[in-house]
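Because the structure is a prediction, the values reported are computed rather than measured. Within every chain, numbering begins at 1; the chains are lettered A, B, ... in the order of the sequence lines, protein sequences first and strands thereafter.
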Number of protein chains: 2
Amino acid sequence: MDKAQNHLQDTETRILQAAEKEFFEKGYAGARTASIAEAAGVTHAMLHYYFRTKDKLFERIVSGKINMLADILLSAVGDANLPLEERIRQGIERHFDFISANRDLPRFIVNEVLSRPEQVDAMNRNVQSIVNEVLDNLQQEIDEYAAKGLCRRVDARMLLIDIVSLNVFPFMAAPIVYGAIGSAYGDYEEFLARRKRENVKTILEKLKIN
Amino acid sequence: MDKAQNHLQDTETRILQAAEKEFFEKGYAGARTASIAEAAGVTHAMLHYYFRTKDKLFERIVSGKINMLADILLSAVGDANLPLEERIRQGIERHFDFISANRDLPRFIVNEVLSRPEQVDAMNRNVQSIVNEVLDNLQQEIDEYAAKGLCRRVDARMLLIDIVSLNVFPFMAAPIVYGAIGSAYGDYEEFLARRKRENVKTILEKLKIN
DNA sequence: TTCGCTTTTAACAAAATTGTTAGTCTTATT
DNA sequence: AATAAGACTAACAATTTTGTTAAAAGCGAA
């Protein structure tokens, strides 16, 4: 059973990997099952053997990716015993690093998931409760700090949107952002490091008391 | 000639309008020339008669949209005799309003244009010089204000990326951003108004001296 | 009206694309 | 070795999709 399973998993995961690449690069409509099969090194009948249809294969990829979103949100929450400013800095940096390590993910989500209402519903059901919990905790902590005069009483929800916007957009629009502006800062990785620092600064500035 | 031209333009523009809608909604690969023709109320042979190929029709739509980008950038520059803070506020708001009036444009650009290297080159050629001029002027003005102690010496390029990120991302990811967070602020339009104010505040905060 | 030009239509052709199926090969188990 | 189960292949089928073409219709000018 183990070796048989290995064999199965081998081609199955090869198809999955090729499918992920193809769907990320070309989207659902642009992806070709034949290309996926070729990239995976199998006949395209195998793709149907393992996944029945292009649609089911796509769903499989999507659901895997959607789960990553909740994970990164939770992992960015960080240690509860760090001071607020440090926790936020860490959260921003972890989020930035996650996007940096998955540079095509945002575009894929926005393109392929957000245009399918039933997927959006599924995502919101999965994400909303955890987002709200994270945000309620953060808001409470901000309010406590503010009560002691240690920071401004900023809106946690708005802050989260700020962070995600600042971190994600430059990756999504990378070719223009870097091409038209970023290249003035050196190579692309250098530019990214600079952006990361800048985003931390921008957000913490909103919290800082004058 | 006038009436003939009118007749010609009529179906031609109807095809163009239907094509824009279809390409915006489904992307190049997902768009169907038959759907476009049907939506325009003509046989699909007419589409080929006027535009030869799906590709040429697409190019026509894209080039029109690319030109809008330079326009909005310039229009956001604003009156040179306003004080810096007011000019920046105005620029942010104009940019936000433009995106708000063209909510599908960012996704279209990111999806359909940025995945085509030759289009990216064309865009950068068109945009880079004007962006650089705008940025150089802005940077100079910031530096002057900073020299007088009226604001911080912030990096104009980073500021522009901040503005575009904050303004554009919530529209691109609208279904999640509003679904998971924004709905706490009321209806969608209310949320947007709130975001607009928030973005202005975030940016001006970076300039303000403590 | 007739001529010539553009616009429009209907039918067709070619290619691409997803999916199926019948049968073969491999491999673990008995 | 025989068998059974799953993995695999090659060929085929059905549909979709882009694009063409020959002929008809519309229309202004001579």
Legend entry - Separation of atom CE in B/M46 from atom P in C/dA11, rounded to whole Å: 17 Å
Inset, instruction - Round to a whole Å and report the spacing from CG of B/L47 to P of D/dT21. - result: 17 Å
Legend entry - Pairing residues for B/Y188 by the side-chain contact (heavy atoms from CB on, under 4.5 Å) criterion, not counting sequence neighbours: B/R103, B/F171, B/A174, B/Y178, B/F191, B/L192
Inset, instruction - Tell me whether the OP1 or OP2 atom of D/dA7 has a side-chain N or O from A/Y49 closer than 4.0 Å. - result: yes
Legend entry - d(CG, B/D10; P, C/dT8) in whole Å: 9 Å
Inset, instruction - Remember a base hit wins even if backbone is also touched, and classify B/A29 as base, sugar-phosphate or nothing at under 4.0 Å, heavy atoms. - result: nothing
Inset, instruction - Check whether any side-chain N or O of B/T43 sits under 4.0 Å from OP1 or OP2 of C/dT9, and answer yes or no. - result: yes
Inset, instruction - Under the side-chain contact (heavy atoms from CB on, under 4.5 Å) rule, collect the residues that match up with A/S129, sequence neighbours excluded. - result: none
Inset, instruction - Could you tell me whether the phosphate oxygens of D/dT18, OP1 or OP2, come under 4.0 Å of any side-chain nitrogen or oxygen in B/T33? - result: yes
Legend entry - Any B/R52 side-chain nitrogen or oxygen under 4.0 Å from OP1 or OP2 of D/dG19: no
Inset, instruction - Please say whether more than 12 non-hydrogen atoms of neighbouring residues, nucleotides or ligands are located less than 6.0 Å from CD in B/E59. - result: yes
Inset, instruction - Could you pull out all residues at least two apart from A/H48 that satisfy ring pair (Phe, Tyr, Trp, His ring centres under 6.0 Å)? - result: A/H44
Expected list for residues 28-42 of chain B: side-chain donor-acceptor pairs under 3.5 angstrom, two or more places apart:
{"from": "B/Y28", "atom 1": "OH", "to": "B/D55", "atom 2": "OD1", "distance (Å)": "3.0"}
{"from": "B/R32", "atom 1": "NH2", "to": "B/A29", "atom 2": "O", "distance (Å)": "2.5"}

Inset, instruction - Would you jot down, in residue-number order, the residues of residues 53-61 of chain B having a non-hydrogen atom under 4.0 Å from DNA chain D? - result: B/T53, B/K54
Inset, instruction - Dot-bracket for DNA chain C, please, read 5' to 3', with Watson-Crick or G-U wobble pairs under 3.5 Å on both distances, ( ) within the strand, [ ] crossing, | other strand, . unpaired. - result: ||||||||||||||||||||||||||||||
Inset, instruction - Scan A/A37 against the nucleic acid and name what it touches under 4.0 Å (heavy atoms): base, sugar-phosphate only, or nothing. - result: nothing
Inset, instruction - Using whole Å, report how far CD of B/E22 lies from P of D/dT18. - result: 9 Å
